[in-house]
Amino acid sequence: MMENKETIMKRAEEAVLHTYNRYPLVLEKGEGVYLYDTDGKQYLDFAAGIAVQGLGYHYPGYDEALKEQIDRLMHTSNLFYNIPAMEAAEKLKKASGMSKVFFTNSGTEAIEGALKTARKYAWLKDKREDHEIIAMNHSFHGRSMGALSVTGNEAYQAPFRPLMGGVRFAEYNDLESVRAQITDRTCGIILETVQGEGGIYPATEAFLRGVGELCEKHDILLILDEIQCGMGRTGHMFAWQEYGVKPNVMTCAKALGCGVPVGAFVLDEKAAGDSLAPGDHGTTYGGNPFACAAVSTVLDLFEKNGIVEHVREVGAYLTERLEELVKKYDFIEERRGKGLIQGLALKGRPVGEIVVKSQEMGLLVITAGNNVLRLVPPLIIEKKHVDEMLEKLTKAF
Ligand SMILES: *Cc1c(COP(=O)(O)O)cnc(C)c1O
């Protein structure tokens, strides 16, 4: 028998470590771009499990491919070859124009691999053991000790010091601040092409190009974190493709598996040629047949159904409609973002309250930074869903 919401929440709090202040919703099933809670209430999903459910719920062809893989083979370890990993890596290479792929179980682990790649690349050149990474203020790269060390957020870092050494911070979209942190020990510069958690800030073209040139000039690896903004979300398969600045290392996760937990770090020829070698890095689960069947299927469906082109079209419409809101409401400072990763910066109205009111109206939205309403819907939303979102959000306002 189905238990009521209060009982489920209470049992969860008694058993699951309290590291999140959760919203009082118990989500039970999804269909298309809608979610349903245990009371049967319907929500239009503009959160997508934090930019994960790119294809929404039960997208045609997705469940079938995964069920087929479950019936065939779930896991083998990296001591052997498997077909889905080979196919997924080939497709990711093709989509990115990069050279080699390492699959992980999460975004955080992809960041760890990227950091190790930069350290090893530099170590092979000069055998020094004091190489440095430049990261950005207000960035987010994950919660493990390495990823946290390059996450420019004092509140996240403070309780866990000492962190990994050799990290210097610069100001996002301020090229001179990056240049000022470069030393003869710098091995990598890591940044999100669009800062997500920090408040939806896209890199300016001048900044990204400038950082790319600095990396080239000093033989530093450029690490672009595409975990949130990649996989079609900006209207490009990877956000950097719009800028024409190619990373040496790219990290992916979130929508890479569209619901199956999987990440990857992807290396260009230069980074792949001179960095991690047998014995340097590993994972038991990473690249397992089930997770890779998801990646492979997602990349097929993206291509077959023109998902990226669709994002460009519906993203332009969303942008236009959000700009109308900015004009209409004094408490909306500005809109930031690209395609289907959008933020509304609020002033004088607590964003948390608007999120809760939206839930009452049957709309799921999330926050970023401390005053930004973040919209990261499934990539398959239609214009009518944008209209429905606006209707509900306006009521919440
Ligand atoms: C979510 C996120 C991560 C961490 O990914 P996890 O899968 O939660 O480990 C890293 N970088 C960015 C930009 C993210 O949005």
Side-chain angles (χ1 to χ4, degrees), residues 17 19-20 22 47-54 102-118 133-153 156-157 160 163-164 167 169 172-173 188-203 208 211 222-234 236 238-240 247 249-266 283 285-288 291 294-295 298 336-343 366-369 372 374-377 379:
L17 185 68
T19 55
Y20 281 89
R22 293 172 212 274
I50 319 186
V52 167
Q53 300 292 95
F102 185 106
F103 288 108
T104 65
N105 309 295
S106 67
T108 299
E109 285 169 83
I111 297 291
E112 296 294 326
L115 297 175
K116 283 179 73 176
T117 300
I133 304 269
I134 300 173
M136 303 299 138
N137 290 322
H138 311 295
S139 59
F140 184 82
H141 299 293
R143 306 293 200 132
S144 64
M145 294 305 274
L148 180 60
S149 301
V150 292
T151 289
N153 182 319
Y156 291 172
Q157 287 196 340
F160 304 104
L163 297 169
M164 181 183 91
V167 181
F169 284 94
Y172 194 74
N173 279 339
I189 299 179
I190 183 167
L191 61 116
E192 296 151 86
T193 320
V194 178
Q195 282 195 335
E197 307 290 324
I200 318 294
Y201 289 93
L208 199 59
V211 172
L222 174 62
I223 303 167
L224 290 183
D225 183 346
E226 291 262 338
I227 290 169
Q228 188 161 164
C229 62
M231 293 301 290
R233 192 154 284 284
T234 62
H236 297 266
F238 300 106
W240 56 263
V249 185
M250 164 171 78
T251 57
C252 302
K254 291 200 164 89
L256 182 62
C258 284
V260 169
V262 60
F265 61 98
V266 187
T283 165
Y285 279 139
N288 106 351
V295 176
V298 164
R336 293 191 294 262
K338 289 168 182 279
L340 293 181
I341 175 165
Q342 298 280 349
I366 51 180
T367 65
V372 179
R374 173 167 34 163
L375 305 169
V376 283
L379 306 177

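All figures in this text were calculated on a predicted structure; none of them were measured in a lab. Whatever order the structure lists them in is the order used to number ligands and atoms, beginning at 1.
- Evaluation of the side-chain contact (heavy atoms from CB on, under 4.5 Å) rule for V167 yields A135, S149, V150, M164, F169 as partners, not counting sequence neighbours.
- Near ligand 1, S106, G107, T108, F140, H141, E192, D225, I227, Q228, K254 each place a heavy atom less than 4.0 angstrom from the ligand.
- Side-chain atoms of E112 and S144 form a donor-acceptor pair, as typed in the model, at a separation below 3.5 Å.
- Ionic pairing of E197 and R374 is present here: one or more N-O contacts between side-chain nitrogen and carboxylate oxygen are shorter than 4.0 angstrom.
- Under the side-chain contact (heavy atoms from CB on, under 4.5 Å) criterion, Y201 pairs with Y172, Q195, R336, not counting sequence neighbours.
- Taking 4.5 Å as the limit, every side-chain heavy atom of V194 sits out of range of all side-chain heavy atoms of Q228.
- The side-chain contact (heavy atoms from CB on, under 4.5 Å) check on Y156 picks up F140, R143, L148, T151, N153, with sequence neighbours excluded.
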